[in-house]
2 protein chains.
Amino acid sequence: MSLAQIRYFVTVAEEGHVGRAAARLRVAQPAVSRQIRSLEDELGARLFERTPRGMRLAAPGRVFLDRARRILADVDDAAEAVRASVNTPSCARC
Amino acid sequence: MSLAQIRYFVTVAEEGHVGRAAARLRVAQPAVSRQIRSLEDELGARLFERTPRGMRLAAPGRVFLDRARRILADVDDAAEAVRASVNTPSCARC
DNA sequence: AGGCCCGAGATCCAAACGGCATTGGACCGC
DNA sequence: GCGGTCCAATGCCGTTTGGATCTCGGGCCT
């Protein structure tokens, strides 16, 4: 499992379409498709139901979505906190 | 930033040595060394002080460590939650 | 039936990663 | 002072991973 996979998953869940998610992520559609599938394989659960009109969250996908968002938020927060700590008087030379 | 980098970072912080961390992670020492450096570059902060006896957490590293641990815990928890949800009566076929 | 979306698969190529061997620097005992 | 030791960092190479492009399969709608 990688952070990219988690980002792809959240975007697909929000868009409901692999293609549109790919556009938002500035990546080609097959890349997203593959990562989602690989994530499902690793978790051993089908996160989306494939319909001819797009992707709809399955039950395990709903379970995963909240936690995925939190992970991404934590990552951003961690990076932000470190960058902020560098510009702190107590950190003379980092 | 990748989950591997975060794992490497936490392990090095715990061990205080790149070499020992690498052994625990079952990878070679240069791999860990490079990932740590790349992480520092991306965050724009020196996370460790290099001493001739090993690595010691710098101030930004201490800031990052707590959050890094939380991210890893969240990832494990998310995977666990999904796997658990698959073996639930309400999830007939996933 | 024909066109149309949508996701999935195949193939190719570039970037990333890891392993090995080696270097460079600080400390130790002699 | 000098060789030995321990540490992280770097150069080089083989392998792997990920993305781009092109293409296919399958519902849907008119």
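Letters A, B, ... are given to chains in the order of the sequence lines, protein chains preceding strands, and every chain is numbered from 1. The model shown is predicted, which means the values in this text are computed figures rather than measured ones.
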Open item on the list: Measure CZ/A:R56 against P/C:dC6 and give the value in whole Å, please.
Closed with: 16 Å
Task: Whole-Å distance separating the CD atom of A:E49 from the P atom of C:dA8 - done: 13 Å
Open item on the list: Using whole Å, what does the distance between atom P of nucleotide C:dA16 and atom CD of A:Q35 come to?
Closed with: 15 Å
TODO: Using the test side chain to side chain contact (heavy atoms under 4.5 Å, CB included), find all partners of A:A81 that sit at least two apart in sequence or belong to another chain.
DONE: B:V63, B:R67
- [ ] Starting from P on C:dA16, measure out to CD on B:Q5 and report it in whole angstrom.
- [x] 12 Å
Open item on the list: I want to check one thing: is the phosphate of C:dG18, taken as OP1 and OP2, less than 4.0 Å away from some side-chain N or O of B:Y8?
Closed with: yes
- [ ] Take atom CG of B:L25 and atom P of C:dG19, then tell me their distance rounded to the nearest Å.
- [x] 10 Å
- [ ] Tell me, please, which residues at least two apart from A:R70 pass salt bridge (Lys or Arg N to Asp or Glu O under 4.0 Å).
- [x] B:D74
Open item on the list: Rounded to whole Å, please give me the gap between CE in B:M1 and P in C:dC17.
Closed with: 14 Å
Task: Set of residues satisfying ring pair (Phe, Tyr, Trp, His ring centres under 6.0 Å) with respect to A:Y8, sequence neighbours excluded - done: none
TODO: Looking at every strand, decide which applies to A:A28 at a 4.0 Å heavy-atom threshold: base, sugar-phosphate, or nothing.
DONE: base
TODO: Scan nucleotides 8-14 of chain D nucleotide by nucleotide, 5' to 3', and note B when protein non-hydrogen atoms come under 4.0 Å of the base, S if they reach only the sugar-phosphate, - if neither.
DONE: BBBBB--
Open item on the list: Going by salt bridge (Lys or Arg N to Asp or Glu O under 4.0 Å), name the residues that satisfy it together with B:E40, two or more places apart in sequence or in a different chain.
Closed with: B:R50
- [ ] Indicate the ring-plane relationship of B:F64 and B:F9, choosing parallel, tilted or perpendicular according to the 30° and 60° boundaries.
- [x] perpendicular
Let me check something: any side-chain donor-acceptor pairs from residues 21-34 of chain A under 3.5 Å, sequence neighbours excluded? List them with distances.
unit_1	atom_1	unit_2	atom_2	d
A:R24	NH1	A:E14	OE1	3.3
A:R24	NH1	A:E15	OE2	2.8
A:R24	NH2	A:E14	OE1	2.9

Task: Whole-Å gap separating P (C:dG7) and CG (A:L47) - done: 15 Å
